[in-house]
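To keep things clear, I will list the structure first and then write my remarks on it.
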Amino acid sequence: MHVSGGRKACVLFISRFLLFFSLQTFEKLLIANRGEIACRVIKTCKKMGIKTVAIHSDVDANAVHVKMADEAVCVGPAPTGKSYLNMDAIMEVIKKTRAQAVHPGYGFLSENKEFARRLASEGVTFIGPDTHAIQAMGDKIESKLLAKNAKVNTIPGFDGVVKDADEAVRIAREIGYPVMIKASAGGGGKGMRIAWDDEETREGFRFSSQEAASSFGDDRLLIEKFIDNPRHIEIQVLADKHGNALWLNERECSIQRRNQKVVEEAPSTFLDPETRRAMGEQAVALAKAVKYSSAGTVEFLVDSSKNFYFLEMNTRLQVEHPVTECITGLDLVQEMIRVAKGYPLRHKQADIPINGWAVECRVYAEDPYKSFGLPSIGKLSQYQEPLHVPSVRVDSGIQQGSDISIYYDPMISKLITYGSNRAEALKRMEEALDNYVIRGVAHNISLLREVIVHPRFVQGDISTKFLPEVYPDGFKGHKLTDLERRELLATAASLYVAEQLRSQRFLGTPRIPIAKSKRSSWELSVRLGDGNYPIAVSKDGSSFSVSSAHFQRISYKLQILTKVAAELSKYMPEKAAEDTSSILRSPMPGAVVAVSVKPGDTVSEGQEICVIEAMKMQNSMIAAKTGKVKAVHCKAGDTVGEGDLLVELE
């Protein structure tokens, strides 16, 4: 058939239009989450031309994800149960904004089958697997049974729901200590406890069930054998609605504290090609067994002999997904959206590369000197991401002036670096951490930096016990070498003198002196830790006799005094240290969940006094000695700050 030039152009236009239209996904998408993951999803939606709707609690009204989205609607007050877990409110926003799809991010409702079911009943697409897969794989008990049937290696344990603490003890004895008690729903370290005896099992059952109910609205628990000293390695899978499934290599996630990942990397230094393929094939077999469609992660524990055991499957996007994106070149959020719309996967297994190396550090608003990280709250008075460092990616949902509150996870950002090999990626991470500026809250950058330069980590000699093994007495910070100490003292002294000289000027003009002075030398005393160091500083023109040095992004407390002030300071009375054995103060800001004592009660050393919940984690506060309760200064439901007095003993 002959077609004229004009008609050819028309046919070409129509074919291109149809091709463009066929690749369309959704016009408007709601993100049922907050913080960095909401911002991450919005970025991909913008790239795909999809309008976005953000939800937020009242305290998040000025959050970054709210500002980034095309629309934003408040779904309730700060507590998660009244906002980000409030399905009724979220469903109302979906109807109001006419969003066609919902991306749940991670946490909150991301693995809630009821939420996915309600969306489906309203004709709204859930960016994730269907309700059957969420039920099968999101439930740790059912997923373990399915894994066995799919010929996936599994950990010995009890394949059912634990009814109460007594049954937990019976099951733990049958399995043999140590055991892992964990929430059947959810993940992220919430609702997980290791128990080494009956008493710890009872305590673990109580805390795990409470945390699981608070974080996921589901307090069911399971118990399995705890594999001591393993690696935590996971496989990223991606599957569509047409029976296709891929494994996108592994992520090494062994650096953890309180069962929560801190540093991740891809690939792992430990896996050989054969083990990688075996783990990947088992992960895909499991996904296909439940007709899984979307991005998901199959987590394994790997022992020193490279035996691997199925741990759980997360039916959502993982926090650490950026390292996989770096080495494969895939945008996992985009792939999830395409799959949800019904498109087949664009790649074959042979197309999935391992290009280079990527490392991710989770930057938390935490004090790393307290149990490797107890939450810190406050306003970010200064905040600058190290984006000028080459091959750096920062996934964050905050900015200078943002508030870190007690209501949500304390993550500030995910800092990712990429290199052609591991050494290059780690060197860039070191530089990025040194150039990351955070003021206003405590943060864990000093811990992160110490981890990535530690000889054991550099050599790849790691396990989930890395932190307690390397720092058996807790993290104490960087130990200065003699050279580093001299550089620090010299730099601090010169900065002090420079500030003194600057204070003598007003709007750039020297203040009118009472008597002219040509001072060019200073005798100082610098206090660092328990030591006092005499320092002499001289100035010649615009230069000091000491040179400035490059320093790590680690905080040190120094006090600089003139020589005379230092001599007089010895006559100043020192404040006596508080007797902490007779009082209990809150080590972190949080909410009082329970108080177990009252005035007049006799308590034993180590006995639980109260429970503080901070950022969705529950912490048992215990008595430092045996004694009688003199006064109780808190009650369940109270909000407390760091250092607040909770209980006094006689």
Side-chain angles (χ1 to χ4, degrees), residues 25 41 101-107 109-117 119-120 124-154 184-188 216 233-251 276-300 308-321 324-325 328 330-349 351-352:
T25 52
V41 174
V102 172
H103 197 299
Y106 55 74
L109 297 172
S110 62
E111 294 176 289
N112 189 300
K113 65 180 184 297
E114 176 61 19
F115 183 53
R117 185 199 65 77
L119 290 174
V124 177
T125 301
F126 179 74
I127 308 297
D130 60 22
T131 54
H132 165 68
I134 294 174
Q135 168 65 37
M137 305 308 285
D139 187 299
K140 306 300 183 292
I141 296 170
E142 188 174 349
S143 66
K144 188 174 180 180
L145 294 173
L146 284 163
K148 284 184 178 180
N149 293 334
K151 310 300 182 185
V152 177
N153 306 341
T154 58
S184 176
F216 316 116
I233 301 177
E234 61 192 28
I235 301 291
Q236 176 72 58
V237 296
L238 182 64
D240 63 23
K241 300 178 187 295
H242 305 279
N244 304 305
L246 305 172
W247 48 275
L248 308 181
N249 302 311
E250 80 278 6
R251 293 186 289 257
R276 176 179 295 115
R277 184 181 304 108
M279 293 176 70
E281 289 174 351
Q282 286 198 16
V284 165
L286 185 57
K288 287 186 173 181
V290 290
K291 297 181 172 57
Y292 193 86
S293 63
S294 191
T297 298
V298 182
E299 301 190 347
F300 294 95
F308 57 90
Y309 305 92
F310 171 71
L311 182 62
E312 63 185 22
M313 182 172 187
N314 292 311
T315 59
R316 53 171 168 79
L317 193 64
Q318 288 283 82
V319 174
E320 59 273 17
H321 75 274
T324 297
E325 294 182 325
T328 63
L330 298 180
D331 181 332
L332 292 182
V333 174
Q334 183 178 17
E335 297 301 324
M336 292 177 75
I337 294 173
R338 293 185 79 261
V339 167
K341 188 62 176 179
Y343 293 114
L345 296 181
R346 297 181 285 182
H347 306 88
K348 303 296 183 183
Q349 189 62 57
D351 301 330
I352 305 303

Report yes if the side chains of Ile134 and Asn112 come closer than 4.5 Å at any heavy-atom pair, otherwise no.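 In short, these two side chains do not touch, never coming nearer than 4.5 Å.
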Minimum heavy-atom distance [X]-[Y], with the two atoms named:
{"X": "Ala283", "Y": "Val237", "value": "CB-CG1, 3.7 Å"}
{"X": "Ile235", "Y": "Glu250", "value": "CD1-CB, 3.7 Å"}
{"X": "Gly105", "Y": "Ser110", "value": "O-CB, 3.4 Å"}
{"X": "Tyr309", "Y": "Thr154", "value": "CD2-O, 3.6 Å"}
{"X": "Ala150", "Y": "Ala289", "value": "CB-CB, 4.2 Å"}
{"X": "Ala340", "Y": "Ile127", "value": "CB-CD1, 3.6 Å"}

If I take atom [atom1] from residue [X] and atom [atom2] from residue [Y], how far apart are they, to the nearest 0.5 angstrom?
{"X": "Phe300", "Y": "Met313", "atom1": "CZ", "atom2": "CE", "answer": "10.0 Å"}
{"X": "Leu119", "Y": "Thr125", "atom1": "CG", "atom2": "OG1", "answer": "9.0 Å"}
{"X": "Glu325", "Y": "Gln334", "atom1": "CD", "atom2": "CD", "answer": "10.0 Å"}
{"X": "Leu311", "Y": "Lys144", "atom1": "CG", "atom2": "NZ", "answer": "9.5 Å"}
{"X": "Trp247", "Y": "Met279", "atom1": "CH2", "atom2": "CE", "answer": "10.5 Å"}
{"X": "Ser143", "Y": "Leu286", "atom1": "OG", "atom2": "CG", "answer": "7.5 Å"}

What residues form a side-chain hydrogen bond (donor to acceptor under 3.5 Å, both in side chains) with Asn249, not counting sequence neighbours?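 For Asn249, no residue satisfies side-chain hydrogen bond (donor to acceptor under 3.5 Å, both in side chains) once neighbours in sequence are set aside.
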Got a sec, which residues hit side-chain hydrogen bond (donor to acceptor under 3.5 Å, both in side chains) with Tyr106, two or more places apart in sequence or on another chain?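 Result, side-chain hydrogen bond (donor to acceptor under 3.5 Å, both in side chains) vs Tyr106: Glu36.
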Could you walk me through whether Glu335 and Arg338 pass side chain to side chain contact (heavy atoms under 4.5 Å, CB included), step by step? CA-CA 5 Å; Glu335 297 301 324; Arg338 293 185 79 261; 4.3 Å; yes
Would the distance check show the side chain of [X] and the main-chain N or O of [Y] forming a donor-acceptor pair, the cut-off being under 3.5 Å?
{"X": "Gln282", "Y": "Asn153", "answer": "yes"}
{"X": "His242", "Y": "Gly342", "answer": "yes"}
{"X": "Glu111", "Y": "Thr315", "answer": "yes"}
{"X": "Asp331", "Y": "Val333", "answer": "yes"}

Show which side-chain atoms of residues 290-298 pair as donor or acceptor with protein atoms under 3.5 Å away, not counting sequence neighbours.
{"residue": "Tyr292", "atom": "OH", "partner": "Ala295", "partner atom": "O", "Å": "2.9"}
{"residue": "Thr297", "atom": "OG1", "partner": "Arg251", "partner atom": "NH2", "Å": "2.9"}

Show, in sequence, the C-alpha distance, side-chain angles and deciding distance for Asp351 and Lys348, and conclude whether the side chain to side chain contact (heavy atoms under 4.5 Å, CB included) test is met. CA-CA 5 Å; Asp351 301 330; Lys348 303 296 183 183; 3.5 Å; yes
Which of these passes side chain to side chain contact (heavy atoms under 4.5 Å, CB included) with Gln236: Leu330, Leu332, Ile352?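 Option passing the side chain to side chain contact (heavy atoms under 4.5 Å, CB included) with Gln236: Leu332.
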List the steps, then state whether side chain to side chain contact (heavy atoms under 4.5 Å, CB included) holds for Met336 with His321. CA-CA 12 Å; Met336 292 177 75; His321 75 274; over 6 Å; no
Should Phe310 and Leu146 be marked as a side chain to side chain contact (heavy atoms under 4.5 Å, CB included) after you check the CA-CA gap, both sets of side-chain angles, and the distance that decides it? CA-CA 11 Å; Phe310 171 71; Leu146 284 163; over 6 Å; no
